[in-house]
Amino acid sequence: LEEAKVYFEQAMKLLDTLPETKENHEQRIILLINQWMVFEHLFQISEYYDHLTRYESIAIGLENQGLLGAYYAGEALCEWWLGNFDKAIQFANKAAKMCEASGRVADAGFAYNMLQWCYLDIGDFNLVIAHKEHVLRMMEQQFNLRWYVWAFVCASQAYSYLGRWDEALENGKEGLRKAEEFSDNSLICISARFISLSYTLKGDLNQAIKYGEMAVKKAPTPGDSVWAKAFLAFAWSRAGEPHKGLEALAKAASIHRAARMFDGTVGFALFLGEGYFLTGDYEKASQTLKEALELAERSGMKSAIGYAQAILGRMALKTNPAQASHHFEQSLANLEKCKSYPSEIELLRSILMLTRGNLRQGIKIAEDLTDVFLGEGSIWGYVTVEYLLGNFYLQIVLVAGPKTLTFFAKNIAFLIKNFPSASEKAEYHLNKAIETAKEFGAKLILGQAYHDLGLLHKAKKRGEKAEECI
């Protein structure tokens, strides 16, 4: 890619020496609009945007609506990377309309792709899916492999955020199937990493690591390599090996921040912040997540805001419980705005209720969610809620944590009813968490559940079982 960029720069210099004719101007613009991938995969998108800005008046002056539309699609790509989503959507809409009207349907497909990526970042997931159909409509008239694959992998991520796992994986695997048919390693890489992401969010971490490793193996460019390693690192974090991927995530976040490539700066900072949280480095986790949160709030990235606030809430439960409710409230508000995965929202609502001391409501929501998560195929949701319930009933057995008179007054009936069976319920739910975590490679929750089960056995004077679990 570095060599390709050198040839591009030499060609532009040569074209700048030629007479100012329409034909020469067109050659310059055509050359420029076809270079986006070189600059993107070298993390030099700001430099590419400088080129587009410099030659925009020439592109407009050619009075070639199709070519100008393709030019605007490139500007949409740059504005998206720079986090200017409103501008990106404006450019992409203009580009799609102009390209489609003038018969440049492949470029119209690119523009509709950019609308998908923009709506994904601002949390309008149903619009991501709707614009996939516009891309495919263009592909029926003129096929372009990259836009076809992008349409499916972007829709895959939207389906993942909606908790529609079967559709998420179907879309990701259709992108992979087509990329493999054409032996395009870059597109095999992007497809595999988004399949990995779907499996990570679903909770099938063995499969997530498998596809993440495929993405790393197939990565042909500097960009592909950085992105693939970061997605694999996220899978490792959820699988209980966060230390293994911290370097890759820190590198990805740093590269994107230096390049002013906003989407990656926020996304990889969120992965990195969760990684620090899982390793117990709360200071770095807090700093990283709050920096990502500031950027996300600036550009209206509702899903990212919700994700960051949820992790900050979990961390506050360990470091500053008085602040936890605020973070969970903010997380819920933003995830509800973008109509994110309803069952995940209910899980957060359960945690918020428990944080506020409303035990009956919080536990009722959590217990109802066990069957819901199983039915939806959400392994991560299921194992999380089983562990949450097991840990909750363990706290009743241990009579752990500070309690106020208000807390007892609010929950006395619930505590009286559940105290006699708390040990049995804790053991049941912790064993369910262990069973599922073992099967799907969720080693972090597996370790936590074994630890809590050991504490339960110890409290019940079962020393040998306690030692075995711990």
Side-chain angles (χ1 to χ4, degrees), residues 163 199-206 208 235-242 274-275 277-280 307 310-319 321 324 328 331 341 343-355 359 361-398 400-401 418 421-460 465-466 468-470:
Y199 275 124
T200 299
L201 296 174
K202 175 183 169 71
D204 191 340
L205 299 166
N206 294 324
W236 282 335
S237 285
R238 287 280 176 99
E241 298 182 278
E274 181 174 333
F277 166 64
L278 294 175
T279 62
Y307 176 52
I311 303 172
L312 288 168
R314 290 165 60 196
M315 188 158 55
L317 288 174
K318 296 178 179 293
T319 60
F328 288 129
S331 178
Y341 184 17
S343 301
E344 187 175 82
I345 289 173
E346 286 305 298
L347 177 57
L348 281 170
R349 199 181 313 282
S350 169
I351 296 170
L352 177 59
M353 291 295 101
L354 294 173
T355 302
L359 303 187
Q361 290 175 279
I363 290 302
K364 177 65 166 62
I365 295 172
E367 288 177 337
D368 289 344
L369 281 172
T370 56
D371 288 339
V372 173
F373 280 131
L374 273 179
E376 293 170 344
S378 179
I379 301 160
W380 187 258
Y382 175 73
V383 74
T384 299
V385 79
E386 287 288 10
Y387 173 71
L388 181 152
L389 288 165
N391 180 265
F392 170 79
Y393 285 115
L394 172 65
Q395 302 311 310
I396 293 180
V397 173
L398 301 179
N418 285 276
S421 60
S423 174
E424 181 182 342
K425 288 182 176 181
E427 186 169 357
Y428 172 82
H429 289 296
L430 290 171
N431 277 320
K432 284 291 184 182
I434 288 167
E435 177 186 328
T436 307
K438 271 184 182 178
E439 182 178 356
F440 294 100
K443 288 177 281 189
L444 182 66
I445 291 181
L446 180 62
Q448 292 171 330
Y450 267 130
H451 176 267
D452 283 7
L453 187 58
L455 293 180
L456 177 64
H457 287 314
K458 184 177 180 181
K460 304 304 288 186
K465 285 187 176 181
E468 181 183 344
C469 287
I470 292 173

For Lys458, what residues pass the side chain to side chain donor-acceptor pair (under 3.5 Å) criterion, not counting sequence neighbours? none
Work out which heavy atom in Ile311 is nearest to a heavy atom in Glu274; give both atom names and the distance. CD1-CB, 3.7 Å
Donor-acceptor under 3.5 Å (Asn431 side chain, Leu453 main chain): no
Rounded distance (nearest 0.5 Å) linking atom CD1 of Ile379 with atom OH of Tyr199: 9.0 Å
Using side chain to side chain contact (heavy atoms under 4.5 Å, CB included), reason through Phe328 and Leu317 one step at a time and then give a plain yes or no. CA-CA 10 Å; Phe328 288 129; Leu317 288 174; 4.0 Å; yes
Looking at every heavy atom in both Ala422 and Ile396, which two are closest together, and how far apart are they? CB-CG2, 3.7 Å
Within a strict 4.5 Å, meaning less than it, do heavy atoms of the Thr355 and Pro321 side chains meet? no
Would a distance-only check, ignoring hydrogens and angles, find a side-chain to backbone donor-acceptor pair under 3.5 Å from Lys202 to Gly377? yes
I'd like to check Leu205 versus Phe440 (side-chain heavy atoms, cut-off strictly below 4.5 Å). Are they in contact? no
Can you tell me how far apart CG (Leu456) and OG (Ser423) are? Round to the nearest 0.5 Å. 4.5 Å
Return the minimal non-hydrogen interatomic distance between Leu398 and Ala459, and the atom names on each side. CD2-CB, 3.7 Å
Rounded to the nearest 0.5 Å, what separation is found between the OH atom of Tyr307 and the CD atom of Glu344? 9.5 Å
Please name all residues satisfying side-chain contact (heavy atoms from CB on, under 4.5 Å) with Gln361, sequence neighbours left out, ordered by chain then number. Met353, Asn358
Please name the pair of heavy atoms, one in Leu347 and one in Leu388, separated by the smallest distance, quoted to 0.1 Å. CD1-CD1, 4.3 Å
May I ask you to decide if the ring planes of His429 and Tyr393 are parallel, tilted or perpendicular, using 30° and 60° as cut-offs? parallel
Quick one: does Leu389's side chain get under 4.5 Å of Thr370's, heavy atoms only? yes
Nearest heavy atoms of Ser350 and Ile365, plus distance in Å: CB-CG2, 3.7 Å
For the residue pair Tyr428 and Lys432, establish whether any side-chain heavy-atom pair is separated by less than 4.5 Å. yes
Qualifying salt bridge (charged side-chain N to carboxylate O under 4.0 Å, His left out) pairs with a residue from residues 367-388, counting only residues at least two apart or across chains: Lys364-Asp368
Could you work out, with side-chain contact (heavy atoms from CB on, under 4.5 Å) as the rule, every residue matching Leu374, not counting sequence neighbours? Tyr382
How long is the span from the CD1 atom in Ile363 to the CZ atom in Phe392, to the nearest 0.5 Å? 4.0 Å
Not counting sequence neighbours, which residues clear side chain to side chain donor-acceptor pair (under 3.5 Å) with Arg349? List them please. Glu336, Glu346
Check residues 445-452 and write down every donor-acceptor pair under 3.5 Å in which the side-chain atom is one partner and the other belongs to a residue at least two apart or another chain.
unit_1 : atom_1 : unit_2 : atom_2 : d
Tyr450 : OH     : Lys438 : NZ     : 3.0
Asp452 : OD2    : Tyr387 : OH     : 2.8
Asp452 : OD2    : Asn391 : ND2    : 2.7

Over all heavy atoms of both residues, which pair between Arg314 and Leu278 is shortest? Give the atoms and the distance, please. NH2-CD2, 4.1 Å
